[in-house]
Amino acid sequence: MLQIHCPYCQEYREEEEFSYAGQAHIERPSEPESLTDQEWAQYLFFRKNPRGLHHEMWYHIHGCKQFFNVCRHTVTYQIISSYKIGDRPELEQSKAVDKESINAN
Amino acid sequence: MSNNYINSPASPLAHTNLAQLAKQHSNVTAGINFRELMLLGHLILRGNANDPAFLNGAQQSLQLALPITPCSSSKNSDYLVFWLSPNEWLIICQQETFAQLTAQLTDNLVGHYALVDVSSAQTIIELSGDEVINLLKKSTSYNTNPDHFTIGKVVTTTFAQTSATIYKAESQRFLLVTRRSFTDYIWIWIQQASQEYGLKILPPAKALE
Amino acid sequence: MQINRLNHGGNIDRNQVLSFQFNGMTYQGYQGDTLASALLANGVNVVGRSFKYSRPRGIMTADAQEPNAIFQIGTNASTIPNPRATQTPLYDNLVASSTNGWPNVEFDMMAGIGKLGGAMMPPGFYYKTFMYPQSMWMNYEKLIRKGAGLGRSPMTADPDRYDTMHHHCDVMIIGGGVAGIMAALNAAQTGANVIICDEQEQLGGQTLSSTETVNDITATQWLSQQIEQLRKQENILVLSRSTTFGYYDHNLIGINQRCTDHLGEHVPHSTRQRVHKVRAKQIVLATGAHERPLVYGNNDIPGCMLANAISTYIQCYAVIPGNKLVLMTTNDSAYQAAIDWHDAGRQVMAIIDTRPKTDSAIIQQAQNKGINIIFSHAVIEVQGSKRVNSVNIAPINNTGDNVIGPAINIVCDTVASSGGWSPVLHLSSHLGQKPLWRDDIIGFVPGQNDLLNCGAVSGKYALLSVIEDGIATGGKAAELSGFERLTDLPIPDIIPQITAAPMALFHVPHIQTTSRAPKQFVDYQNDVTAAAIELANREGFESIEHVKRYTALGFGTDQGKLGNINGIAITAKSLAKTIPETGTTIFRPMYTPTTMGALAGAHVKQLFAPARFTAMHQWHLQHGAEFEDVGQWKRPWYFPKNGESMQQALLRECLATRNSVGILDASTLGKIDIQGKDAREFLNRIYTNAWSKLGIGKCRYGVMCKEDGMIFDDGVTSCINDHHFIMTTTTGGAAGVLQWLELWHQTEWPELEVYFTSVTDHWTTMTISGPNSRKVLQKVCQDDVSKQALPFMSWIDATVAGVKARIFRISFTGELSFEINVPANLGLSVWQHIMDAGAEFEITPYGTETMHILRAEKGFIIVGQDTDGSVTPQDLDMNWVISPNKSFSCIGKRSWDRIDTKRNDRKQMVGLKAKDTNQVLPEGAQIVLDPQQKLPMTMVGHVTSSYFSACLGYSFALALVKSGTSRYGETVYLPQANGQIYEAEICSPIFYDPKGERQHVE
């Protein structure tokens, strides 16, 4: 059970208040019709599954009903940051972090 | 054909006959007191908290500043206002002042805003007593410690297996805003969870205080 | 007769005699006893039979490690399988029995098989023996389970109550021994909120049986003062009989408190067990250490015990579990058991110290009492059957690898052993961190993680160092959770003892090789021996995780608390590796078994899941409705009258609606209020059809797709004004649709000025449908609801039965229909007025099943029944709901051009008429074209909805069939599991009123 900071309610809440909403920072193509089937499939179906830092969206379904972003380590489950939609993450995935997480196991 | 219908509004707990139970409980003392604040006016206000014109319009109508700090509330003798989300507030008032409030807001607000009547969509359960914090600890994972859940704070969170908006009115008095269709479930939950503390039903009220 | 009870001492109340039953015999114990101490007091030797070999077993320990005294406690509905007798407080009339051993533990039918089969039950026994033939596995399993006997779950409903409590604290201390107590006191004095829990009845841990002196009083007196202080402190919550079963992410722990299990089997009107979920800023692990037994021949014969358990039974319970003791130890601490035994007035035959001659304070103390100490020796095997009767001891070399001289026999009835201590680090590895080996303490300690550790769990065993560590760690925890650290509590005066170093010995050598020596048990619960582990290593299992799975080491309900380290040590030795090189297995929750009742908490029976009710629910109940669960809603399914069957009720409800008027409670439909100047544009983007030109007062049906082009919800959206719309969704889809709208608005199109608010609960919706529905409406509504004033697919503000309402003229039945929406507080009232008004037309309430039939006759889909997330609007032949000319490429549109969605042989919606017109085809049935085809047949589709139609007079179905729209008139087959094959003809999915004339009646 994670404890997640909601950047809108500005406090930590229990995981059961939230629902997971998939990978963050995926932008909808502005002109879908101009994309090839392959490019469209890339947007539609392909998602990251990193061992390490992952940027993902959560929805505060039992709270303020806002979507927001979380940067979470998929091995340790440590949450590095949570931030509003439209904001950029403080920390991008880095190779150093990735290596560290593998050593930790 | 007659146009004289007799219509009696019914709260979601009408079938439990709280008034009758309250009579039976009049001499009881218990760790938990339960009272329904029924058939009040509930209005959802949506708007941009960063727009001074919107905040002004609301303030003029309510004679009260909208609470814009997350999880905060404000009140005066007519209105109790809860922050629900960055662009959403719940205003609670007597049913009699509801139409007037809606009209005033419509007059005073400009730009992008929304007013939604949810008076029938929810009710308010007041919980008070020495054991009320323990009852909440059994019902929600939200941190109820007095230094965290301070008086005047309002949070929407989980309650048993559903959600509720919980407002701390006094150190041992809370208001629960529950969705109509879930209210019977919450009523049964509260009865079971308060068994060890004792539950006293107070006569339902149609006012905030 | 409590033959082993001492006349004085112990934390028991001799004035409160408790009677209890074990395996059918009645015994007496005292208030303050555990079931284990009471059994030992009564001289009960055999408490169970072993899992594989069915050997008699006795009580080994006094704590959570206990592998043998695992019982069925209680009777009937409130019985609990598998608690440890060592952690079961005695109460009057307690009933317990062994969980294994049949017909009884003294004479076990399985023993013959076990002893005979022993040689044939090597490690990997199950894999090797029961694998073939595979078809027999189910039968083998039954046999194994019956023989093994792992406790029985009750067969009737649990009469007890359970619940859950959530806590948030600054410092959580797990373990109420002296380290935890001092940590709690020192943390609390800073003002921090502290919770401390302990699994035993009494706080105090090992110090309860200490004989040391602290501040010039006995350690136990000093301990009582500290506990009193603890209970006085307002900011400390003390939970005893409370086992921390798991450590979870972000400093959450789960605790199971046994609230009434010590009072009786069933205590009415109270919570039997409570799970506490604690989210703490800092967690201090003060879980202590478990003593490790030594592995020697026949070390499972009743009478073989842990040294420390003997001290606990003597000091805490005034029970001395035998007459003649032999103690074998690798360390100083176990000497206390022999001293306690001696002081209690019974005979210590010898202390067998495996170390070369050494000296320390406690060795001198034993010598001064005249106890015979034999160094450089070990107990290599025990003799006896249901109780130890003698031991063989032999000299061993300095490293403990070999026996170096002849054995001699010593008569005794009890063998205590100690191989040192293992920190109780289980919780520290619940999140995956591996423990670390420390040579200096010959044990694993918690690995690196967020927990703080103090006392024995961090390898500190001397009382003084435990107290120092507890105080320091409590202060640190408070500081880390944001409190100012004050002057720490003073360290009490304790005279340090001179000690001698322990010896690293796990597996005691025998004159014979391990495989020929008498069985040397490592894991008692699963009957894993040293020989079995060595054999597994020889067979190539070298990873400790593989050894564990192959031999079943640590697979019992005790998770190998007693045996894992010894097993790792044996593996290390046989592979010529060090213990850290061999590694360790990690522990997972639950620390000790937790009852399902406690985990379910109060979420049982009528609170199992929330039930949602509409404003008319009481009316439905009074009118005999049968209910159907739709999501969390309780919806009327049908309204049987005068003992009608379901089918009879449905026929009546359908005909009444088609011929006169029916009424449906449709309040559960999702309703979303949409406001803002960009509302239309938003609808254009989210729906497949166009909304730019929908006039004020008009309604339109819309379909929503996910971005993959597949339908996920549908409903009617109405225009209130240019900036205000009201959307309806399916009952089950309401929350998901609101989240979907918010997702796109918040993450992709925040520039659109639009707000969404759920009004599902605010509006009560009642649908009156049928040729007489307008006549009924006109009786309760003065507004003009004529065909001209309120045409199909429009709505008006009106007053219905004196209540302001919105009336929508939309139809899901194909008949003339009005959906009347009123605020829910007045819903029941308006419903009753309409029922009164409709009486002259015999207005008939109908439920979801009639609604399903009527809409299916019209070929209207139900999302989630006729679609399953793999169906496009085109598959449903609903091209009319797609607008190709919208400027914005709406959600899902691009995907309809994917090669896969353009295939001609996709499953498409069709109607089916069964050849036998009375046969309702089973929903979900697979459809084939050639019933003669060999298995597996080519399946071309399946039935999604199927009913008998009252007004058509025959059964009909909707189905998804490959290329279905071009197969009208073809015959298809539906083979059933019982061999029967139904025949049906593909037809149009619109069975009734295909021209749609009926909704236009005057």
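To find a chain, count down the sequence lines: A is the first, B the second, and so on, and within it residues start at 1.
When heavy atoms are compared at a cutoff of 4.5 Å, Arg161(C) approaches chain B solely by way of its side chain, counted from C-beta outward. Heavy atoms of Leu115(B) lying under 4.5 Å from chain C belong exclusively to its backbone. Interface residue Thr760(C): only side-chain heavy atoms are found under 4.5 Å from chain B. Contact of Ser667(C) with chain B is not made at all, since no heavy-atom distance falls under 4.5 Å. Proximity to chain C is limited to the backbone of Ser8(B), based on heavy atoms less than 4.5 angstrom apart. Contact annotation for Thr183(B): neither backbone nor side-chain heavy atoms come within less than 4.5 Å of a heavy atom of chain C. Heavy atoms of Trp633(C) lying under 4.5 Å from chain B belong exclusively to its side chain. With a threshold of 4.5 angstrom between heavy atoms, Asn143(B) approaches chain C through its backbone and through its side chain. Residue Leu828(C) does not touch chain B at all, counting heavy-atom pairs closer than 4.5 Å. For Ala615(C), the parts lying near chain B are the backbone and the side chain together; criterion is any non-hydrogen pair under 4.5 Å. For chain B, the nearby parts of Glu753(C) are the backbone and the side chain; heavy atoms of each come within less than 4.5 Å. Contacts between Gln632(C) and chain B at a heavy-atom distance below 4.5 Å involve the side chain alone, from C-beta outward. For a residue to count as touching a neighbouring chain, one of its non-hydrogen atoms must lie under 4.5 Å from one of that chain's; by this rule Ser270(C) does not touch chain B.
A side-chain contact (heavy atoms from CB on, under 4.5 Å) with Ile201(B) is found for exactly one of Asn17(B), Leu21(B), Ile32(B), namely Leu21(B). Just one of Arg179(B), Arg180(B), His42(B) meets the side-chain hydrogen bond (donor to acceptor under 3.5 Å, both in side chains) condition when paired with Gln122(B); it is His42(B).
Close placement of the Phe682(C) and Phe756(C) rings is indicated, their centers lying within 6.0 Å of each other. Taking the six-membered ring wherever Trp is involved, the centroid distance between the rings of Tyr142(B) and His148(B) falls below 6.0 Å.
In the model, Glu131(B) has no side-chain atom that pairs as donor or acceptor with a side-chain atom of Ser194(B) under 3.5 Å. Inspection of the Asp678(C) and His112(B) side chains reveals no N or O donor paired with an N or O acceptor under 3.5 Å. Side chains of Asn108(B) and Ser61(B): a donor-acceptor N/O pair is present below 3.5 angstrom, by distance only.
Comparing Gly601(C), Cys169(C), Gly676(C), Ala609(C) by heavy-atom pairs within less than 4.5 Å of chain B, the highest count is held by Ala609(C). With chain B as partner, the option from Thr668(C), Asp163(C), Val830(C) having the largest number of non-hydrogen pairs under 4.5 angstrom is Asp163(C). Comparing Gln195(B), Arg46(B), Lys138(B) by how many heavy-atom pairs each has under 4.5 Å with chain C, the most go to Arg46(B). Counting heavy-atom pairs closer than 4.5 Å to chain C, the top-ranked of the candidates Asp147(B), Asn134(B), Thr144(B), Leu136(B) is Asn134(B). For the set Ile186(B), Asn48(B), Asn145(B), the count of heavy-atom pairs under 4.5 angstrom toward chain C peaks at Asn145(B). When each of Gly47(B), Gly111(B), Ala14(B) is scored by its heavy-atom pairs under 4.5 Å with chain C, the top score falls to Gly47(B). Note: His603(C) leads His724(C), His723(C), His603(C) in heavy-atom pairs under 4.5 Å with chain B. The residue among Asp673(C), Thr764(C), Thr757(C), Asn825(C) with the most heavy atom pairs within less than 4.5 Å of chain B is Asn825(C).
At most 12 non-hydrogen atoms from other residues, nucleotides or ligands lie less than 6.0 angstrom from NZ of Lys277(C). Crowding of Glu751(C) atom CD: a count of heavy atoms from other residues, nucleotides or ligands under 6.0 Å exceeding 12.
With hydrogens and angles disregarded, a donor-acceptor distance shorter than 3.5 Å links the side chain of Ser73(B) to the backbone of Gly152(B). Not a single donor-acceptor pair under 3.5 Å links the side chain of Ser128(B) to the backbone N or O of Arg173(B). At distances below 3.5 Å, not a single donor-acceptor pair connects side-chain atoms of Ser181(B) with backbone N or O atoms of Phe613(C).
Ring planes of His623(C) and Trp619(C): parallel class, angle under 30° (limits at 30 and 60°).
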